[in-house]
Each structure stands twice: as C-alpha cells, then as structure tokens.
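Only one structure is covered here, and it is reproduced in the block below.
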Amino acid sequence: MSGAVLLALAGCAPGQAVASTAPHGEAAASAPAPTASSTPPAKTAPKTILFIGNSFTQGAHSAARNWRAGSVTDLNNAGYGGVPALFKLFAEQAGLDYDVSLETQGGKSLGFHYDERRQLFDRSWDIVVLQEFSTLDRAKPGDPTDYMRNIDRLAALFKARNPAVDIRLAATWTRADQTYKSGGHWYGKPVTAMADDLRAAADRARSANPSVAGIVPVGQAWNRAMTSGVADPNPYDGIGYGQLDLWAYDHYHASVAGYYLSALVTFGAITGIDPTTLGAKEKGADELGLSDAQAAALQRVARDTLANGS
C-alpha cells in the first residue's frame with residue numbers, strides 16, 4: 001500500500017505527522033520524566049582580614065608601597081598596597097578568597113589607631129593583624145607597657161564585634177640603624193637581638209590576653225635569613241656579596257626583599273599553607289624585581305621559620 005494511502009487511512013494530509021495510537025498511559029510512561037531545575041550553590045563570602053600598622057605594613061621606602069593598591073581596601077584612601085597586597089596575591093595564587101583591608105599611619109603606635117582611627121575599623125572582621133611601632137615605645141625603646149595596654153583595648157573592640165575573630169600580633173624585624181649606630185637602643189648587641197626582644201614582647205602580650213590567637217614571626221624569619229646566609233646581616237660593612245639586603249636605604253625600613261619575606265611569613269601563619277608551594281615563579285616576586293632564586297630562598301626561610309614554631 002502506498003504512503004499516500006496510509007496517510008489517508010490515518011486521516012492525515014501529506015506532510016502531516018501521524019498521531020500515536022498508543023493508549024494514554026503507555027504514552028505517558030514512555031515520555032521522559034521532568035527534571036527539577038538545579039540551583040547553583042551560594043558562593044561563600046570571602047574571609048575579611050584587616051591589617052593595622054605603620055610604615056612597616058605599608059611597604060614604605062620600597063616599590064611595594066603602592067604596588068597593586070587596587071587589590072586591597074585602604075581605609076584611609078592613601079593608596080597603599082604593601083604587605084597586605086602581597087598577602088592578597090599569595091592567597092589568590094593558593095586558591096583562597098580574602099577581602100583584604102588596611103588601616104595604617106607611618107610612625108604611629110597601635111594606641112594612635114585606637115584613639116584616632118577606630119571609627120574606620122570598628123566592625124566585624126574574621127582576622128586582624130596588629131603591627132606595633134618598631135621600637136614598641138618611641139620614648140622608651142623596648143618597653144612593652146603601652147604595647148600590651150593597646151593590644152588589650154583593640155582586642156576588646158574586635159571581640160565585641162566578632163567573638164570568633166582571629167587576632168595576630170606581627171613581631172617585626174631588627175633595625176640595622178638601632179644595632180650598628182651608636183645611640184641605638186640595641187647598639188653593640190647581636191643583629192638578632194632587637195627582633196628577639198620584639199618577639200618576647202609579643203609573646204608576653206599573647207600570654208596576658210587570651211583573645212590573641214598567635215604571633216606572626218617576621219623578625220625571626222629575618223634572623224633566620226641572616227644567620228643562614230640568605231641575607232646580609234650588616235648593611236654598613238659592604239661585605240655581603242651575593243646576599244640579599246633586607247633593609248631599605250635607611251637601614252630601618254625594609255627593602256622589597258624584606259617586605260616580601262614579611263608577607264610570606266604572614267601568609268603562612270594565617271593560612272597554614274607552606275609558602276614554598278607558591279613556587280619560584282610566584283607573581284609578586286617577578287613583578288617587584290626579585291629573581292626566581294631569591295623568591296625561592298625567601299620562601300624556604302619563611303617555611304622553616306614557621307615549621308620551627310618561631
């Protein structure tokens with residue numbers, strides 16, 4: 001029988017589809033089951049981290065100061081990137097999401113930030129890193145009395161906003177000008193002494209205040225870099241051929257290498273990630289002019305410092 005005859009018997013015109021003659025239930029059974037529309041999981045909010053400090057946090061006197069400033073939020077709108085911007089880039093390369101902010105003022109103590117700037121940061125944060133003036137007390141170098149009082153005030157403020165806030169104290173580096181120049185508080189002592197004293201003060205503040213979760217051992221990483229031959233321990237004698245100078249031209253602030261090491265230690269301490277996993281080709285080192293070998297050496301110093309619980 002021809003196709004046209006079949007269509008006619010079926011009551012269809014040529015070119016028109018033939019309706020199924022299967023029972024209704026059978027047709028329903030053969031139809032694909034409807035699928036529920038899948039809703040993508042909500043994106044987890046980034047962790048918030050605030051850096052409070054001075055020129056040592058800003059990256060002053062180095063190319064790090066304004067580097068990648070747009071990647072972080074400067075609460076003072078001063079356009080600084082510094083150590084917070086390095087931390088941000090390290091975290092991104094490790095697949096971590098942090099919303100990074102900083103509130104800094106050169107040459108000031110933590111007391112200044114509490115007294116004059118707290119309206120800028122009096123809110124809930126997940127993590128706060130506090131960096132004190134380099135000698136702890138400008139009038140009485142090495143005296144931790146005001147440092148400890150200001151840690152208590154700031155910790156109470158942040159805990160009131162978020163009882164689970166992770167507060168860390170940055171123990172900074174030895175200043176060469178305070179060690180090698182007469183009149184310096186640590187004059188005549190080993191180059192490691194000032195950093196060790198600053199660390200002791202941070203440990204004391206942590207012991208006295210249970211709100212402090214830990215120490216960021218930047219000064220101990222600098223000490224390790226110098227004692228292991230990675231960095232020059234004395235920028236005044238001109239002997240450290242082939243070694244990195246961690247200080248800037250004033251032998252007080254850090255160089256790019258010094259801030260890079262500071263940020264590596266901060267990254268490892270906060271995230272628990274081995275800084276060497278960033279690798280010798282890490283982006284920040286390349287952009288700031290450090291060689292692959294220098295980046296790798298500083299990453300190893302940071303790793304070893306943290307691994308030893310320094």
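Classified by interplanar angle (parallel below 30°, tilted 30° to 60°, perpendicular above 60°), the ring pair Y98/F87 is perpendicular. Between F267 and F90, the ring planes lie perpendicular to each other; the angle is over 60°, past the 30° to 60° tilted range.
Between K283 and E92, none of the side-chain N atoms (NZ, or NE/NH1/NH2) sits under 4.0 Å from a carboxylate O, so this pair counts as no salt bridge. Remark: D115 engages R153 in a salt bridge, criterion side-chain N to carboxylate O under 4.0 Å. The existence of a salt bridge linking D286 and K281 is excluded, since no basic side-chain nitrogen approaches an acidic carboxylate oxygen closer than 4.0 Å.
One N or O on the side chain of Q131 and one on the backbone of N54 form a donor-acceptor pair closer than 3.5 Å. At least one donor-acceptor pair closer than 3.5 Å links the side chain of Q243 to the backbone N or O of G229. R138 places a side-chain N or O within donor-acceptor distance of the main-chain N or O of G107, the cut-off being under 3.5 Å. In this structure a side-chain-to-backbone donor-acceptor pair under 3.5 Å is missing from R68 to K88. Using a distance-only test at 3.5 Å, with no hydrogens or angles considered, no donor-acceptor pair links the side chain of D137 to the main chain of Y147. Between the side chain of E132 and the backbone N or O of L110, at least one donor-acceptor pair lies under 3.5 Å. The backbone N or O of I49 lies less than 3.5 Å from no partner atom in the side chain of D126, so there is not a single donor-acceptor pair. Using modelled atom types, no side-chain atom of N76 and backbone atom of A78 make a donor-acceptor pair closer than 3.5 Å. Judged purely by atom type and a 3.5 angstrom limit, S255 uses its side chain to pair as donor or acceptor with the backbone of D245. No donor-acceptor distance shorter than 3.5 angstrom exists from the side chain of N209 to the backbone of A205, with no hydrogens or angles considered.
Residue R204 qualifies as open at atom CZ: its count of foreign heavy atoms under 6.0 Å is 12 or below. At most 12 non-hydrogen atoms from other residues, nucleotides or ligands lie less than 6.0 angstrom from NZ of K47. For F112, the CZ atom sits in a packed shell: over 12 heavy atoms of surrounding residues, nucleotides or ligands are nearer than 6.0 Å.
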Legend entry - Intermediate values then yes/no, side-chain contact (heavy atoms from CB on, under 4.5 Å), D203 and I215: CA-CA 7 Å; D203 286 337; I215 310 298; 3.5 Å; yes
Legend entry - side chain to side chain donor-acceptor pair (under 3.5 Å) assessment of E103 paired with Y80: CA-CA 9 Å; E103 195 285 292; Y80 295 134; over 6 Å; no
Legend entry - L86 vs W67, side-chain contact (heavy atoms from CB on, under 4.5 Å): CA-CA, chis, key distance, verdict: CA-CA 9 Å; L86 278 162; W67 173 83; 3.6 Å; yes
Legend entry - Stepwise side-chain contact (heavy atoms from CB on, under 4.5 Å) test for T174 and W186: CA-CA 9 Å; T174 288; W186 287 268; over 6 Å; no
Inset, instruction - Apply side-chain contact (heavy atoms from CB on, under 4.5 Å) to N150 and L130, showing your working. - result: CA-CA 10 Å; N150 292 323; L130 302 174; over 6 Å; no
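The shortest side-chain heavy-atom distance between L244 and L261 does not fall under the 4.5 Å cut-off. Within the 4.5 Å cutoff, side-chain heavy atoms of Y236 are placed close to those of D177. Counting heavy atoms from C-beta on, the side chains of Q220 and N308 never come closer than 4.5 Å. In this structure the side chain of S262 never reaches within 4.5 angstrom of the side chain of F56, judged on heavy atoms.
With hydrophobic clusters built from ILVMFWY side chains whose heavy atoms lie under 4.5 angstrom apart, F51 does not share a cluster with L75. Hydrophobic clustering (side-chain heavy atoms under 4.5 Å, transitive across Ile, Leu, Val, Met, Phe, Trp, Tyr) keeps W173 apart from I52. Note on Y260 and L102: same hydrophobic cluster, where clusters join Ile, Leu, Val, Met, Phe, Trp and Tyr whose side-chain heavy atoms are under 4.5 Å apart, directly or indirectly. Follow the hydrophobic side-chain contacts under 4.5 Å out from L154 and you reach V128 in the same cluster. V129 and V218 fall within the same hydrophobic cluster, where Ile, Leu, Val, Met, Phe, Trp and Tyr residues are linked whenever their side-chain heavy atoms come under 4.5 Å apart, directly or through other members.
Pairing each heavy atom of A176 with each of W247, the nearest pair is N-NE1, 3.4 Å. Counting all heavy atoms, side chain and backbone alike, M148 lies closest to A208 at CE-CB, 3.8 Å. Considering all non-hydrogen atoms of both residues, K108 and F133 come closest at O-CB, 4.1 Å. In terms of heavy-atom proximity, P275 sits nearest to L306 at CG-CD1, 4.2 Å. When all heavy atoms of T305 and A221 are compared, the pair lying nearest together is OG1-CA, 3.4 Å. The minimum heavy-atom distance between A302 and V265, with the atom names listed, is CB-CG2, 3.9 Å.
A distance of 9.0 Å separates CD1 of I167 from CG of L157, quoted to the nearest 0.5 Å. In this structure, E282 CD and T276 OG1 are separated by 12.5 Å, a value rounded to the nearest 0.5 Å. Rounding to the nearest 0.5 Å places CD of Q119 at 8.0 Å from CZ of R117. The OG atom of S211 lies 11.5 Å from the CG atom of D166; values are rounded to the nearest 0.5 Å. L50 contributes atom CG, which lies 11.0 Å from atom OG of S124 (distance to the nearest 0.5 angstrom). Atom NZ of K189 is separated from atom CE of M194 by 11.0 Å, given to the nearest 0.5 angstrom.
With 3.5 Å as the limit, one finds no donor-acceptor pair spanning the side chains of H185 and T135.
For F121 and F158, the ring centers are positioned less than 6.0 Å apart.
A cation-pi arrangement is present between R118 and Y114, with the terminal nitrogen or guanidinium carbon under 6.0 Å from the aromatic centre and inside a 45° cone about the axis.
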